[in-house]
Protein chains: 2
Amino acid sequence: MSTETTIYLNLRQRLTSGGFPHGEKLRPEILRKEFNCSANTIREALLRLSTVGLVEFQEQRGFRVPELSDSLQHELTHMRILLECEGACLSIRQGGVAWEARLSAAHHKLSHIESRVRLSGGEVGPLITLWSTAEQEFHETLIDGCGLDVLRQTHLVVYHRFRQQLITSDREFIYIPENIEQHKMILDAALDRDEDAVRERIQDHLSRNLMHPLPIATASKKPLAKSIANLAT
Amino acid sequence: MSTETTIYLNLRQRLTSGGFPHGEKLRPEILRKEFNCSANTIREALLRLSTVGLVEFQEQRGFRVPELSDSLQHELTHMRILLECEGACLSIRQGGVAWEARLSAAHHKLSHIESRVRLSGGEVGPLITLWSTAEQEFHETLIDGCGLDVLRQTHLVVYHRFRQQLITSDREFIYIPENIEQHKMILDAALDRDEDAVRERIQDHLSRNLMHPLPIATASKKPLAKSIANLAT
DNA sequence: TATTTGCAAAATCTCAAAATTTCAGGAATG
DNA sequence: CATTCCTGAAATTTTGAGATTTTGCAAATA
């Protein structure tokens, strides 16, 4: 038996890792049998997922996995750049050594997996889950020292949708060498406390899979919230 | 009788306009009678509201209106500055005359209501609903020409939570004259296409009620997404 | 007096079925 | 031939009740 929140998390995991084809209808009756629960419980989970954009909901017409969309992919990338640049710069200012250590650790794990992928000739295969998790953890840690819960929560929502959009287009898994190099460069810039370099490298890294490069409005100098973090104690 | 989405929207409206005291428990049984529907339908609406942060949900312990929190207030203000600055600068670049016209119109309405408030000696009273709506519309229009749906959606979620936090502390309704002046200055800077001025004035305006002023990381030069908007056609 | 224990009342969560709405395809109409 | 209308089937949404868990409060203990 599964509780409502368990089902919500399980479905979210599958939606962000290619468990459902884009555009597919999500029928409560089917999922009900799979989770061995009531149709109502499924409905509650799907409604929650719809408020964060991972499923589309239409009254009296049920639930659907969002279609692939280049423009949505671009929008989500734009949002990631905006949020990760801000979060990373604030982390540099306020995260302290503890944050630097966490980021180093996250990069080390990611780098290890990336190497294994490269050694197997770019074949991701069974490492894909490990890699996905490590990459998400690196990017989350990057903004983890900023002291702003809302920023982290918002980023996570955006990131999930980004992953959902990326998953079958599998562009993510093309430029392995560049990927490894870019993660390293972001780490170095962060440890150097060089905010401008961090911004630039995050932007390069995130827009690497887009058809058209992105001119950025927010690549700027001063982050926003030293005083906020002090308050948030 | 009410449908699920109707209930969701109705509750959201009340949650963002002081309809429930902070920290109050939201009992499905009570709401059930009010909407004349089943407890389950209420539960679905409350679960959805919990995913956007307007109600807190704990398993087996029901639903609660979030408590007032200075640090949350600061975080939400920070997010608003980040999103509105980016959205406004992109709008300046891509909104065209149509956007400028919409912004002018929104400001005109807001300005009219603000004047009426000032004339009645700062007593907001029955105008509060009109004023709230007009202010929200102005700030939404400000970022409305940016061409990024995700940015608008994200901003709306943040804005709702901001309003919920602000509502009973009613600091919003203190500095009427400054408020009027600040809206005008944002409008002027936008029509002048002066991005730096827009950023600065948005930041001043949004942080006006905070105890401590906010140093900003993202107050920068170049927005991000000309190419995105072109794609999004 | 302060803390813990136990029980009853109330609330939450899940379920299966009824009520409502949409969908697909064939017949009737222009 | 294209369009509209109808009808049965399938899917969605709501309901009310049962099972489980939490909460409030008084009694007991230290």
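Because only heavy atoms are used, hydrogens play no part in the values below, and waters and symmetry mates are left out as well, while side chains stay in. In what follows, every chain begins at residue 1, and chains take the letters A, B, ... in the order their sequences are listed.
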Nucleotide nearest B/Arg61 (side chain, heavy atoms from C-beta), chosen from D/dT23, C/dC13, C/dT22: D/dT23
Gap between atoms CG and P, on A/Leu47 and C/dC13 respectively (whole Å): 15 Å
Sugar-phosphate, base or nothing in reach of A/Glu59, heavy atoms under 4.0 Å: sugar-phosphate
Integer-rounded Å distance: C/dA17 C1' and A/Glu29 CD: 12 Å
Closest nucleotide among C/dC13, D/dT14, C/dT14 to the B/Gln60 side chain: C/dC13
Intermediate values then yes/no, side-chain contact (heavy atoms from CB on, under 4.5 Å), A/Thr77 and A/Ile81: CA-CA 6 Å; A/Thr77 299; A/Ile81 294 173; 4.1 Å; yes
Nearest-Å distance for atom pair CD/P, residues A/Gln58 and D/dT13: 10 Å
Donor/acceptor link under 3.5 angstrom from A/Asn40 side chain onto base of D/dT15: yes
Euclidean distance, atom CD of residue A/Glu44 to atom P of C/dC15 [Å, nearest integer]: 10 Å
Nearest-angstrom distance from the residue atom OH of A/Tyr8 to C1' of C/dT14: 20 Å
Nearest-neighbour nucleotide for the A/Arg43 side chain, C/dC13, C/dT14, D/dT13 considered: D/dT13
Distance under 6.0 Å and angle within 45° of ring axis: A/Arg80 vs A/Phe162: yes
Separation of C/dA10 P from B/Phe63 CZ (nearest whole Å): 21 Å
OP1 or OP2 of D/dT13 under 4.0 Å from side-chain N/O of B/Thr3: no
Option among B/His107, B/His139, B/His112 that satisfies the ring-ring contact (aromatic ring centres under 6.0 Å, His included) test with B/His183: B/His139
Most 5' of A/Ala39 and B/Phe57 on DNA chain C, judged by nearest nucleotide: B/Phe57
Side chain of A/Ser38 (C-beta onward), nearest among C/dA16, D/dT14, D/dT13: C/dA16
Out of D/dT12, C/dC23, D/dT14, whichever nucleotide has its closest atom nearest the side chain of B/Thr41: D/dT14
Short N-O contact, B/Arg48 and B/Glu4, less than 4.0 angstrom: yes
Distance, rounded to the nearest Å, where B/Glu4 contributes CD and C/dT21 contributes P: 16 Å
Intermediate values then yes/no, side-chain contact (heavy atoms from CB on, under 4.5 Å), A/Leu54 and A/Arg12: CA-CA 8 Å; A/Leu54 265 74; A/Arg12 191 178 73 179; 3.7 Å; yes
Separation of D/dT14 C1' from B/Asn36 CG (nearest whole Å): 12 Å
Nucleotide of D/dT13, C/dC15, C/dT12 approaching B/Lys25 most closely (side-chain heavy atoms): C/dT12
